[in-house]
Amino acid sequence: DQQVKQNSPSLSVQEGRISILNCDYTNSMFDYFLWYKKYPAEGPTFLISISSIKDKNEDGRFTVFLNKSAKHLSLHIVPSQPGDSAVYFCAARRGYGNKLVFGAGTILRVKS
Amino acid sequence: EAQVTQNPRYLITVTGKKLTVTCSQNMNHEYMSWYRQDPGLGLRQIYYSMNVEVTDKGDVPEGYKVSRKEKRNFPLILESPSPNQTSLYFCASSLGPTGYEQYFGPGTRLTVT
């Protein structure tokens, strides 16, 4: 039973436009959510996070939105750049101990 | 340079031959984890460690062992590898348990025939 779901395996966006990556979760005990970016042949790298007590967090071109009632979060990238092309993983933390549950990932392709 | 290193990066082995994948971090992090990445399943946590000599099971611990004798090292042991353990493995570390992002190693591609 996947507790964190990324229902779009891939997304293609034109350079300069907005990329929106979505993530749904089922466990209401998750208290922290993170987005990681992964390039081929490299480990995932942390991108941005949000606590469950907030509904928005911004860092430069990246904004994460959390809708707790819908158990949904999204990552917005504005403007999208070709270097943003990567696999994006949504992750949720399940309590103390830094145990993270990851989604299956979404491949983002930004076309120039 | 702050980093998490894993060795080997690629490994092909046969069923039943014990192997160890090493993981080391130079950031003095207390928390370390092992994950496996499989297509369509994302990253699944195998084991994690909150400090030296403190380890706990993640979501898919069967067939794996870990040890944490030193803060910087967190090896993953497969006592009797099987083909269903063919996967991409990542080690990760983080400073603390509350909201700290995890830093990942480059990955180890394991094939068990």
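Worth saying up front: this structure is predicted, and the values here are computed from it rather than measured. Protein chains get the first letters and strands the later ones, always in sequence-line order, with residue 1 at the start of each.
Atoms CD and CZ, on Gln102(B) and Phe46(A) in that order, are 11.0 Å from each other to the nearest 0.5 Å.
Below 4.5 Å, heavy atoms of chain A meet heavy atoms from Lys57(B), Gly58(B), Asp59(B), all part of residues 51-63 of chain B. At a heavy-atom cut-off of under 4.5 Å, chain A is reached by Arg9(B) from residues 4-18 of chain B, listed in order of number. Of residues 106-113 of chain B, those residues with a non-hydrogen atom less than 4.5 Å from any non-hydrogen atom of chain A are, in numerical order, Pro106(B).
One hydrophobic cluster, built from ILVMFWY side chains closer than 4.5 Å, holds both Leu19(B) and Ile46(B). Clustering ILVMFWY residues whenever any of their side-chain heavy atoms sit less than 4.5 angstrom apart, transitively, puts Ile48(A) in the very cluster that holds Leu11(A). In the hydrophobic clustering of this structure, Trp34(B) does not group with Val101(A); members are Ile, Leu, Val, Met, Phe, Trp, Tyr whose side-chain heavy atoms approach within less than 4.5 Å, directly or through other members. Cluster annotation: Leu43(B) is connected to Ile107(A) through the hydrophobic network of ILVMFWY side chains, with a link wherever side-chain heavy atoms come within less than 4.5 Å. Hydrophobic clustering (side-chain heavy atoms under 4.5 Å, transitive across Ile, Leu, Val, Met, Phe, Trp, Tyr) keeps Tyr89(B) apart from Val87(A).
The heavy-atom pair separating Ala104(A) from Gly40(B) by the smallest distance is CB-O, 3.4 Å. Of all heavy-atom pairs spanning Lys38(A) and Phe90(B), the tightest one is CE-CZ, 3.4 Å. Gln37(B) approaches Phe89(A) most closely through the heavy-atom pair NE2-CZ, 3.5 Å.
Residues passing the side-chain contact (heavy atoms from CB on, under 4.5 Å) test with Ser51(A), sequence neighbours excluded: Tyr32(A), Ile53(A).
At most 12 non-hydrogen atoms from other residues, nucleotides or ligands lie less than 6.0 angstrom from CZ of Arg17(A). A 6.0 Å sphere centred on CE of Met27(B) holds more than 12 heavy atoms belonging to other residues, nucleotides or ligands.
Tested against Pro44(A), the residues Tyr103(B), Phe104(B), Tyr35(B) include a single side-chain contact (heavy atoms from CB on, under 4.5 Å) partner, Phe104(B).
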